Trainee: 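Dropping a structure here in structure tokens format, bear with me for questions.
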Amino acid sequence: DTGVSQDPRHKITKRGQNVTFRCDPISEHNRLYWYRQTLGQGPEFLTYFQNEAQLEKSRLLSDRFSAERPKGSFSTLEIQRTEQGDSAMYLCASSITGGTGNTIYFGEGSWLTVV
Amino acid sequence: AQKVTQAQTEISVVEKEDVTLDCVYETRDTTYYLFWYKQPPSGELVFLIRRNSFDEQNEISGRYSWNFQKSTSSFNFTITASQVVDSAVYFCALTTTGNQFYFGTGTSLTVIP
């Protein structure tokens, strides 16, 4: 399977715990994006990387959220001290640089439930 | 600022009927790209089509067709002879920079057999 891969697919955690999601993009894609989706809403942009550089992170929801892409390949999204409002699906997507409007391809998402 | 509006929250049709999903967008940029994605119950967003702002040609792909009209800032999606497998949530999206994509709230389509 050469699509975007996310892990874990489902995570239930207690409030206050830290969680980390992993994303493996399509192999030749140098851009990687994180989005969040809540019920009844469209995906909401969080951050993106071009290679290992995080070029936009102002949309991360709070300082409890952080993302890394240390070698320009896979990425992790960490949420510290989780709150019930963090319950959502976290989507990863990737694309290849080639001018604006490049299509982004999504993974299956990681569902987070904070109890 | 960029914005995408999908006014139809839910649509139900009987199998074999045609259905049109509406999308209205807002941007001040002259160069932009519009997209449609399908999200089945499994959750993965599946890319359907991309259209750039300089190409207003309508497109047809099998039972799917798209009508892009800059004059009304609309990019509507029609499914002809709908099938049960078309049941999903459909999202319209817009990007101007290719860095950030703006999605509508989605239209949930149910095709009744």
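Since we're looking at a predicted model, the values are computed, not measured. Lettering follows sequence order; numbering is per chain, from 1.
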Trainee: Can A:Phe74 be reached from A:Ile26 by stepping across I, L, V, M, F, W or Y side chains whose heavy atoms are under 4.5 Å apart?
Mentor: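 No, it is not one cluster - the side chains of A:Ile26 and A:Phe74 are not joined through contacts under 4.5 Å.
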Trainee: Non-hydrogen contacts under 4.5 angstrom with chain B: give the residues of residues 34-51 of chain A involved, or none if there are none.
Mentor: A:Tyr35, A:Gln37, A:Gly40, A:Gln41, A:Gly42, A:Pro43, A:Phe45, A:Tyr48
Trainee: Is there a path of hydrophobic side-chain contacts, each under 4.5 Å between heavy atoms of I/L/V/M/F/W/Y residues, joining B:Ile49 to B:Tyr33?
Mentor: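 Shared cluster, no.
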Trainee: Check each atom of B:Tyr32 against the heavy atoms of chain A and say whether the ones under 4.5 Å are side chain, backbone, both or neither.
Mentor: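 For B:Tyr32, no heavy atom lies under 4.5 Å from chain A.
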Trainee: Output the distance between atom CZ (B:Phe101) and atom OG (A:Ser95), rounded to the nearest 0.5 Å.
Mentor: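 So the gap between those two atoms works out to 6.5 Å.
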Trainee: Measuring from atom OG1 of B:Thr95 to atom CD1 of A:Ile104, what distance do you get when rounded to the nearest 0.5 angstrom?
Mentor: 8.0 Å
Trainee: Heavy-atom count check: over 12 atoms from other residues, nucleotides or ligands less than 6.0 Å from B:Gln57 CD?
Mentor: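 No, the 6.0 Å shell around CD holds no more than 12 heavy atoms from other groups.
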Trainee: Identify the residues of residues 81-91 of chain B whose heavy atoms come closer than 4.5 Å to a heavy atom of chain A, ordered by number, or report 'none'.
Mentor: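 Interface residues of residues 81-91 of chain B: B:Phe91.
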Trainee: Is it the case that atom NZ in A:Lys11 sees more than 12 heavy atoms from other parts of the structure closer than 6.0 Å?
Mentor: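 Atom NZ in A:Lys11 is not packed in, count stays at 12 or less.
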Trainee: Quick check on B:Ile112: does its CD1 atom have over 12 non-hydrogen neighbours (other residues, nucleotides or ligands) under 6.0 Å away?
Mentor: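 Atom CD1 in B:Ile112 is crowded, with more than 12 foreign heavy atoms closer than 6.0 Å.
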Trainee: Against chain A, label B:Gln39 side chain, backbone, both or neither, depending on which of its atoms sit under 4.5 Å from a heavy atom there.
Mentor: side chain
Trainee: Answer yes or no: does atom CZ of A:Arg15 have more than 12 heavy-atom neighbours from other residues, nucleotides or ligands under 6.0 Å?
Mentor: no
Trainee: Under a 4.5 Å heavy-atom cutoff, which of B:Leu34, B:Thr9, B:Thr105 has the most pairs with chain A?
Mentor: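 Option with the top pair count is B:Thr105.
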Trainee: Going only through I, L, V, M, F, W and Y residues with side-chain contacts under 4.5 Å, is there a path from B:Phe68 to B:Val4?
Mentor: yes
Trainee: Would you say B:Glu59 has more than 12 foreign heavy atoms packed within less than 6.0 Å of its CD?
Mentor: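 Counting other residues, nucleotides and ligands, CD of B:Glu59 exceeds 12 neighbours.
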Trainee: In terms of heavy-atom contacts, does NZ of B:Lys70 have more than 12 from other residues, nucleotides or ligands at under 6.0 Å?
Mentor: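 Correct, the count exceeds 12.
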Trainee: Give the cluster check for B:Leu45 versus B:Leu21: same hydrophobic cluster or not, with ILVMFWY residues linked at side-chain heavy-atom distances below 4.5 Å.
Mentor: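 Each belongs to a different hydrophobic cluster.
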Trainee: Anything in residues 107-115 of chain A with a heavy-atom distance to chain B below 4.5 Å? Please list those residues in order.
Mentor: A:Gly107, A:Glu108
Trainee: Are B:Leu48 and B:Leu109 linked, directly or through other ILVMFWY residues, by side chains that come within less than 4.5 angstrom of each other?
Mentor: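 The answer is yes; both residues are in one hydrophobic cluster.
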Trainee: Strictly less than 4.5 Å between heavy atoms, which residues of residues 82-92 of chain A line up against chain B? Please order them by number.
Mentor: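 Under the 4.5 Å heavy-atom cut-off, A:Met89, A:Leu91 qualify.
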Trainee: Give, as side chain, backbone, both or neither, the part of B:Asn52 having an atom under 4.5 angstrom from any heavy atom of chain A.
Mentor: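 Contact with chain A involves no heavy atom of B:Asn52 at all.
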Trainee: Heavy-atom distance under 4.5 Å between the side chains of B:Tyr37 and A:Thr103, does that happen here?
Mentor: yes
Trainee: Between A:Val4 and B:Glu44, is the side chain to side chain contact (heavy atoms under 4.5 Å, CB included) condition met? List the steps.
Mentor: CA-CA 10 Å; A:Val4 178; B:Glu44 180 178 357; over 6 Å; no
